[in-house]
Amino acid sequence: PLKFNVKLNLSLKKLAKPFLYIGDFLLRIAKIIFTNLVLISGWIEKKRSQISSIKFTKAREFKLSSKFASRLKLPFSLPRFNPPRLKVRKSIVALGLLLTVFIAFISWFYLEILIDLPGPEDLANHRPYLTTKIFDRKGRLLYKIYRQENRTLVSLNELPDYVIDSAIAAEDREFWTHKGVSFRGMIRAFLFNINNPSQEPMGGSTITQQLVKNVFFDFEKTYTRKIKEALVSLWIENKFSKEEILQMYFNQIPYGGTAYGIEEASQKFFGKSAKDLSLTQATMLAGLPKAPTKYSPFGAYPELAKKRQ
């Protein structure tokens, strides 16, 4: 039995010896791998402190900043996420800005100019204040009753030609050719006012614009009022004839004080009807609408009225 046990132990050792070599080899490999993993992890921690910014995406992917990406050489590749870059052309940005400005201008133009703009039908339906006259049985005038505007209507056919020509020469020399607004007159007035700041400013309004201003707008000098005035004037010129505009002008325009319209102005200053005016009297009245108080022959400076005449 002793011999048998010795032989058995010797045979078992021979059988286990290869497994012992394999186990020792595996332990050495594991030790090497473990040692390398420790070295790699320490190296990564050291390099991680040098990275300035890491951008995480929704998929938990990240990208190293360009400052250290060229220096850092990892033994393994990191996942990268390159988001698409939107390339916006300058022309598209400029077009968007222009579109925004255009929409804002259209909104302002509608709210400030067009929303309450009067039209030719408003001028056709306009009924000015008229003076009530009381006569005796023999047709002699006894009383005139009016509140603020002393006005008597007159037909254009009743006025002499020089009365019409005097008004056109004084207020709007291009009346028969323009379409409601005289751009040449506006430019001429603008250049004159710049070159002669000490003199009395020249106006660029046409007869049609003066009619529109006296019927629909006040005398406040604003850009919005001038734009409305020009638009309505262009509209009216397409609706009414030149003769109709002149007739409304002569009956609407103020000549100073309570005298509105050329008929009552003629009665006030010369004691006669407008159809009986002379050439000198017509030229005197033609100079009044620009500044009735300043150029009145009964005012403080009658010499200005004579000069204007």
Side-chain angles (χ1 to χ4, degrees), residues 123 128 130-131 149-189 192-193 196 199-215 219 229 233 236-237 240-309:
L123 182 61
L130 299 178
T131 300
E149 299 181 6
N150 181 18
R151 179 185 287 109
T152 300
L153 299 182
V154 63
S155 175
L156 187 68
N157 297 328
E158 299 176 6
L159 299 177
D161 292 339
Y162 51 78
V163 173
I164 300 173
D165 295 339
S166 298
I168 292 176
E171 297 295 330
D172 186 6
R173 297 180 181 179
E174 300 176 357
F175 173 75
W176 298 108
T177 57
H178 65 66
K179 299 298 181 180
V181 178
S182 176
F183 296 101
R184 184 184 303 177
M186 294 172 63
I187 295 174
R188 181 173 61 248
F192 177 84
N193 295 334
N196 303 278
Q199 298 185 18
E200 182 182 0
M202 177 186 294
S205 298
T206 62
I207 285 179
T208 310
Q209 288 178 275
Q210 295 180 42
L211 172 64
V212 170
K213 178 180 64 176
N214 282 274
V215 173
F219 291 87
E229 180 184 299
S233 299
I236 286 175
E237 285 278 349
F240 299 98
S241 64
K242 293 287 187 179
E243 289 77 12
E244 292 173 329
I245 293 174
L246 272 177
Q247 179 167 309
M248 289 185 285
Y249 171 83
F250 280 118
N251 287 317
Q252 183 68 38
I253 208 73
Y255 284 86
T258 59
Y260 282 77
I262 193 169
E263 177 65 23
E264 289 300 330
S266 178
Q267 292 288 347
K268 176 181 179 179
F269 292 105
F270 304 110
K272 62 175 65 176
S273 176
K275 62 182 180 181
D276 299 326
L277 289 172
S278 64
L279 177 59
T280 54
Q281 294 169 343
T283 54
M284 176 67 72
L285 292 180
L288 290 178
K290 184 177 182 180
T293 303
K294 180 179 179 179
Y295 294 116
S296 174
F298 302 154
Y301 306 99
E303 66 276 4
L304 294 179
K306 188 66 177 179
K307 182 178 180 181
R308 172 72 173 166
Q309 182 188 26

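Keep in mind that this is a model prediction, so the values were computed, not measured.
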Would you indicate whether the side-chain heavy atoms of [Y] and [X] approach each other to under 4.5 Å?
{"X": "Phe183", "Y": "His178", "value": "no"}
{"X": "Tyr260", "Y": "Tyr255", "value": "no"}
{"X": "Leu285", "Y": "Val163", "value": "no"}
{"X": "Arg173", "Y": "Ile168", "value": "no"}
{"X": "Leu156", "Y": "Ile164", "value": "yes"}
{"X": "Phe269", "Y": "Gln281", "value": "no"}
{"X": "Gln210", "Y": "Tyr249", "value": "yes"}

So, for [X] and [Y], which heavy atoms are closest and what is the spacing to 0.1 Å?
{"X": "Pro128", "Y": "Leu153", "value": "CG-CD2, 4.4 Å"}
{"X": "Ser233", "Y": "Glu229", "value": "OG-O, 2.6 Å"}
{"X": "Ile253", "Y": "Pro289", "value": "CG1-CB, 4.0 Å"}
{"X": "Ala170", "Y": "Ala286", "value": "CB-O, 3.7 Å"}
{"X": "Pro160", "Y": "Ala274", "value": "CD-O, 3.8 Å"}
{"X": "Tyr295", "Y": "Leu288", "value": "O-CD2, 3.1 Å"}

- Task: For Lys306, check side chain to side chain contact (heavy atoms under 4.5 Å, CB included) against everything at least two apart and list the hits.
- Result: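 Expected list: Gln309.
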Between atom [atom1] of [X] and atom [atom2] of [Y], what is the distance when rounded to the nearest 0.5 Å?
{"X": "Glu171", "Y": "Ser166", "atom1": "CD", "atom2": "OG", "result": "11.5 Å"}
{"X": "Asp276", "Y": "Gln267", "atom1": "CG", "atom2": "CD", "result": "9.0 Å"}
{"X": "Leu246", "Y": "Leu159", "atom1": "CG", "atom2": "CG", "result": "9.5 Å"}
{"X": "Asn251", "Y": "Asn214", "atom1": "CG", "atom2": "CG", "result": "12.5 Å"}
{"X": "Thr258", "Y": "Glu149", "atom1": "OG1", "atom2": "CD", "result": "9.5 Å"}
{"X": "Ser296", "Y": "Arg308", "atom1": "OG", "atom2": "CZ", "result": "13.5 Å"}

- Message: Under 6.0 Å from the ring centre and within 45 degrees of the ring axis: does the NZ or CZ of Lys242 meet both conditions for the six-membered ring of Phe175?
- Response: yes
Is there a donor-acceptor pair under 3.5 Å between the side chain of [X] and the backbone N or O of [Y]?
{"X": "Thr152", "Y": "Glu264", "value": "no"}
{"X": "Tyr162", "Y": "Thr283", "value": "no"}
{"X": "Thr206", "Y": "Asp172", "value": "no"}

- Task: Only counting residues at least two apart or in another chain, list the ones meeting side chain to side chain donor-acceptor pair (under 3.5 Å) with Glu174.
- Result: Ser182
- Residue list, side chain to side chain donor-acceptor pair (under 3.5 Å) with Lys275, at least two apart or on another chain: none
- Query: Between Glu263 and Ser273, do the side chains contain an N or O donor and an N or O acceptor separated by less than 3.5 Å?
  - Reply: yes
